[in-house]
Peer 1: 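One structure follows; several queries about it will come next.
Heavy atoms only: backbone and side chains are in, while hydrogens, waters and symmetry mates are out. Naming convention: chains lettered A, B, ... in sequence-line order (proteins, then strands); numbering from 1 in each chain. The model shown is predicted, which means the values in this text are computed figures rather than measured ones.
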Amino acid sequence: MLRTRVIPCLQLIDESLVKTVKFGKHSYIGDPINTVRIFNELEVDELCFLDIRATVEKRPPNFKILHEIADECFMPLSYGGGVRDAATAKKILSIGFEKILLNTVIFETPSLVTEIANYSGNQSIIGSIDVKKNLFGKYQVYSHDGTKKQEVDPVKWAMQLESLGVGELLITSMDKDGTWSGFDVELIKKISNAVTVPVIANGGAGSIHHIEEAVKQGNASAVCLGSMVVYQQKEMGVLVNFPDRDNLQSTLIHEKN
Amino acid sequence: MSDKVSETYRICTRCIYDTKVPKIAFDENGVCNYCKMIDDLKSQYHTGTPAGEEKFAEIVEQIRKDGKGKKYDCVVGVSGGTDSSYMIVKAVEWGLRPLAVHYDNTWNTAIATENIRKILGKLKVDLYTHVVDNKESDDIFRSFFLANVPEIDGPTDIALAETMYRAAAKYKVKYVLEGHSFIAEGVSPLSTAYVDGGYIRNIHEKFGKIRMKTFPNMTFAAFMKWILFFRIKKIRPLWYINYSKQEAKVMLMKDYGWQDYGGHHLENRMTAFNHSIYFPQKFKIDQRNNTLSAVVRAGLKTREAAIEEYKTPPHIEPELVEYFKKRLGFSDEEYTAIMNGPRKNFRDYKTYKKRFERLRPLFFLLAKANLVPMSFYIKYTSKSEI
Amino acid sequence: MIIIVDYGMGNLGSVANMFKKVGAQAKVSSDLEEINKASKILLPGVGAFDTAMNRINDAGMNEVLNYKALKEKVPVLGICLGMQLLTAGSEEGVLPGLGWINAKTYNFSGRINNELKIPHMGWNIAEIEQNTAITKRYQGEIRFYFVHSYFVQVDDESNSMMKTNYGLTFDSAIVKDNIFGAQFHPEKSHKFGMTLFENFAKI
């Protein structure tokens with residue numbers, strides 16, 4: 001029996017933790033290391049860190065902070081943001097992270113996926129896809145922290161990443177990001193049905209009910225939580241937290257065996 | 001009352017403050033001036049008597065009236081600790097509609113955030129938080145450490161006070177409730193517990209490197225603005241009514257799943273460092289005598305038992321020193337140098353103290369009107385500096 | 001001194017970190033002399049079976065490891081791929097493993113329900129089959145973080161320490177005298193992993 005993974009997804013700008021809304025305005029959340037300590041104490045299953053401006057600001061990941069994070073954490077960690085070559089990926093994995101997220105770089109250098117997979121295995125790579133609906137409700141893929149539109153259909157792109165060898169896919173709805181209104185279940189379902197690798201839903205979680213929807217209707221294998229784990233409630237103050245284990249447990253056990 | 005160290009070592013015959021406590025003096029019965037201050041406050045506020053309860057009931061009524069038509073009628077600062085958690089539970093019980101306010105100095109422990117979450121969740125109370133940029137927060141802590149003064153946690157207190165005022169002003173609320181209890185906590189000597197916005201600014205100017213942008217400092221002007229222009233009042237319910245910290249903890253644990261963290265203020269790592277390491281090791285002061293004296297005065301422990309307990313060393317969280325050094329960027333040598341360095345206090349820096357003293361008559365009126373706490377008037381505006 | 005064997009594969013930093021956290025003296029090393037002097041050995045591993053065996057053999061580590069485990073009988077703990085190396089061999093490769101425990105490593109693919117993704121990745125429950133020095137102080141439900149595409153099954157039930165279910169039941173921890181294996185990642189399983197490491201350090 002495997003419980004669906006529920007992963008706090010923390011956004012970094014520089015050395016600070018922030019939270020964005022719809023990939024736009026962001027608010028300051030706090031010190032990343034202290035927040036990690038709290039999640040450690042809360043015994044969450046896994047953590048994901050995204051340095052959301054690294055690529056557009058053309059800078060490498062902040063290894064100092066990553067070291068400190070890895071030193072504090074005794075659970076699986078994944079990192080994304082500004083990973084442009086295999087050397088950087090290897091360095092991050094050796095610091096103590098289990099997985100790397102790749103997004104923008106795959107459009108430019110698809111072979112990077114294979115290169116990293118050969119070194120550390122497919123399960124160490126998460127293909128990250130940011131998706132936004134256009135005026136007519138059609139899904140479009142974006143890169144560069146949601147600033148550059150790519151001319152490829154999300155489902156096709158997901159299948160492409162799978163064939164390149166990613167171990168999982170992180171699908172982020174830019175429209176839902178930071179809104180507490182639920183995941184884009186339709187988007188998640190479309191992609192889950194088209195690939196065999198696990199799909200992680202991201203963007204929009206506001207309650208355990210939303211998590212349930214993403215898993216049971218969207219067929220997500222895992223979900224990321226953003227605003228839910230750093231704010232007390234929608235539009236209220238910062239408070240690092242994690243949904244109650246028992247509630248998650250009863251909602252999310254896989255029954256397939 | 002002189003500044004000279006007493007020739008012989010004495011302990012108050014009533015509590016356990018001794019001649020190591022700054023500015024202590026004893027009357028003909030050997031009872032210290034701090035005990036006297038508490039007695040004065042107690043009779044002024046009729047603490048724990050029907051008169052006190054009645055006075056408080058009037059205040060609650062007034063808060064409710066003034067809050068009509070507004071989203072919240074009062075603001076309550078929360079830290080995850082016993083006093084503030086108890087305060088918010090009672091506020092709801094008294095029929096008030098509080099807004100909980102938290103100042104996050106980025107050194108919180110999970111126990112603190114979990115306690116806040118559980119209590120506010122069950123009571124369905126909204127939370128307003130101000131999070132300071134962690135680099136700024138650390139720069140200010142660093143400055144205080146480099147300044148060799150005891151009040152390393154002082155900035156947090158001022159920041160919380162300022163944050164509560166800002167939250168109150170935002171929602172047009174006129175009352176801030178604080179869970180301070182002189183009965184349960186005693187009174188800290190000013191020499192080791194002085195804090196104001198000018199003090200913070202001066203120390204930061206001297207030792208800080210990062211500009212203060214997100215840190216909510218309370219300048220004198222801001223202070224005056226909140227109390228004279230916005231006329232926001234500070235109410236301390238536990239000065240009027242009975243309060244037992246032990247009973248409060250039991251209730252919180254039972255009804256809210258609140259977790260005790262074993263000691264006054266240990267829900268935040270900076271406070272923990274301050275109380276268990278910084279004060280005892282650098283200033284040779286163990287602040288547990290505050291609470292222990294209070295407990296003795298309240299008759300909950302014998303003076304002898306308290307003195308015995310006081311002799312045992314305080315609990316120290318392992319790795320706390322390492323965390324402190326690493327996070328604030330001090331090498332082992334730098335850290336040891338400061339810990340063994342000179343002991344300074346607020347008199348060595350520029351503060352608002354003289355200004356407070358000059359405005360003593362004004363602050364008397366403000367204290368009577370609950371616009372500043374009476375303990376502020378007594379300690380900060382008096383030249384005797386108790 | 002616990003020596004964490006460095007043959008170039010595995011998340012050694014995290015393992016070392018966790019030993020430090022539980023207060024045990026541990027050191028990462030590829031030096032044959034140091035391994036020879038070890039009081040206990042931790043065999044990590046992430047990646048492919050054959051690649052690992054090749055590196056161990058090429059570095060000459062297999063001899064000293066065999067000596068320490070089978071002759072001197074110091075406590076040895078193999079984790080993740082490290083546990084698979086303790087078996088006779090794996091369907092992932094062609095080379096024999098260290099063969100210290102009578103067990104084999106098999107492929108999940110083709111043996112489990114199509115709907116279950118491979119690798120087995122995430123937190124799963126382990127049932128203790130047999131109490132040993134490293135299962136002390138475990139109470140109630142215990143879970144660990146797993147990431148693997150191949151699983152181990154012992155030939156003889158007396159070597160099974162813990163079992164886990166993922167499409168089928170496999171041995172998530174194995175034991176033979178002084179030799180222990182854990183398929184999951186204790187260094188990534190916070191309090192559950194810490195208990196295991198602490199127990200191992202205290203042997």
Side-chain angles (χ1 to χ4, degrees), chain A residues 8 10-19 26-44 47 62 64-75 180 206-208 225 227-247, chain B residues 72 75 77-80 99-121 123-138 141 163 166-167 170 210 213-215 257 259 261 267-270 317 319-320 322-323 326-329:
Chain A
L10 304 175
Q11 299 170 323
L12 281 169
I13 290 186
D14 238 350
E15 298 197 353
S16 306
L17 269 190
V18 302
K19 183 69 198 76
H26 65 264
S27 305
Y28 180 74
I29 298 296
D31 170 47
I33 309 303
N34 201 47
T35 307
V36 161
R37 284 183 83 121
I38 297 180
F39 279 125
N40 234 4
E41 289 171 47
L42 293 178
E43 288 171 14
V44 303
L47 275 187
N62 184 330
K64 175 166 151 296
I65 284 260
L66 294 185
H67 248 300
E68 290 176 29
I69 290 173
D71 280 351
E72 285 293 336
C73 258
F74 292 107
M75 64 192 114
W180 298 76
S207 69
I208 293 193
L225 303 182
S227 300
M228 254 179 93
V229 295
V230 296
Y231 292 114
Q232 186 221 18
Q233 311 164 43
K234 186 172 181 191
E235 278 155 27
M236 292 317 302
V238 169
L239 186 69
V240 175
N241 71 90
F242 193 71
D244 180 67
R245 271 193 64 77
D246 292 325
N247 281 347
Chain B
Y72 311 104
V75 154
V78 294
S79 66
L99 170 65
V101 173
H102 179 61
Y103 167 69
D104 187 351
N105 68 2
T106 75
W107 285 61
N108 274 346
T109 61
I111 296 182
T113 50
E114 275 296 275
N115 280 346
I116 295 175
R117 181 185 69 81
K118 286 182 199 164
I119 295 182
L120 299 187
L123 294 171
K124 297 212 187 327
V125 166
D126 290 342
L127 174 69
Y128 173 106
T129 316
H130 183 93
V131 188
V132 65
D133 176 296
N134 54 289
K135 294 193 286 296
E136 266 184 61
S137 179
D138 289 352
F141 285 137
T163 302
R166 289 186 190 180
K170 179 172 179 184
I210 300 177
K213 274 193 287 191
T214 64
F215 179 76
Q259 221 188 324
Y261 37 81
E267 66 278 14
N268 183 285
R269 286 198 176 83
M270 178 51 78
E317 186 197 323
E319 299 173 8
L320 188 54
E322 283 313 307
Y323 182 73
K326 187 162 133 179
R327 190 155 162 186
L328 297 188

Peer 1: Between atom OH of A/Tyr231 and atom OG1 of B/Thr129, what is the distance when rounded to the nearest 0.5 Å?
Peer 2: 9.5 Å
Peer 1: When only pairs under 4.5 Å are counted, which of B/Asp104, B/Asp133, B/Ile111 shares the most heavy-atom pairs with chain A?
Peer 2: B/Asp133
Peer 1: If the condition is ring pair (Phe, Tyr, Trp, His ring centres under 6.0 Å), which residues does B/Tyr72 pass it with, not counting sequence neighbours?
Peer 2: B/Tyr171
Peer 1: In Å and rounded to the nearest 0.5 Å, what is the NZ to CG distance from B/Lys118 to A/Asp244?
Peer 2: 9.0 Å
Peer 1: Could you measure the distance from the OG1 atom of B/Thr109 to the CD atom of A/Glu41? Nearest 0.5 Å is fine.
Peer 2: 6.0 Å
Peer 1: Taking the side chain as every heavy atom from C-beta outward, state whether B/Thr113 and A/Phe242 have any pair of such atoms under 4.5 Å apart.
Peer 2: no
Peer 1: Atom CG of A/Leu17 and atom CG of B/Asn134: how far apart are they, to the nearest 0.5 Å?
Peer 2: 8.0 Å
Peer 1: Please classify the contact of B/Asn108 with chain A as side chain, backbone, both or neither, using a heavy-atom distance under 4.5 Å.
Peer 2: both
Peer 1: Applying a criterion of heavy atom separation less than 4.5 Å, what residues of residues 30-37 of chain A form contacts with chain B?
Peer 2: A/Gly30, A/Asp31, A/Pro32, A/Asn34, A/Arg37
Peer 1: So, does A/Gln232 use its side chain to make a donor-acceptor pair with the main chain of B/Val125 at under 3.5 Å?
Peer 2: yes
Peer 1: Counting heavy-atom pairs under 4.5 Å with chain A, which one of B/Val101, B/Asp126, B/Leu120 comes out on top?
Peer 2: B/Asp126
Peer 1: Could you list the residues that satisfy salt bridge (charged side-chain N to carboxylate O under 4.0 Å, His left out) with A/Glu15, not counting sequence neighbours?
Peer 2: none
Peer 1: Rounded to the nearest 0.5 Å, how far does NE2 of B/His102 lie from CE of A/Met236?
Peer 2: 13.5 Å
Peer 1: With sequence neighbours excluded, tell me which residues meet side-chain contact (heavy atoms from CB on, under 4.5 Å) with B/Ser137.
Peer 2: B/Asn105, B/Thr106, B/Val132, B/Phe141
Peer 1: Side chain, backbone, both or neither: which part of A/Ile29 has a heavy atom under 4.5 Å from chain B?
Peer 2: backbone
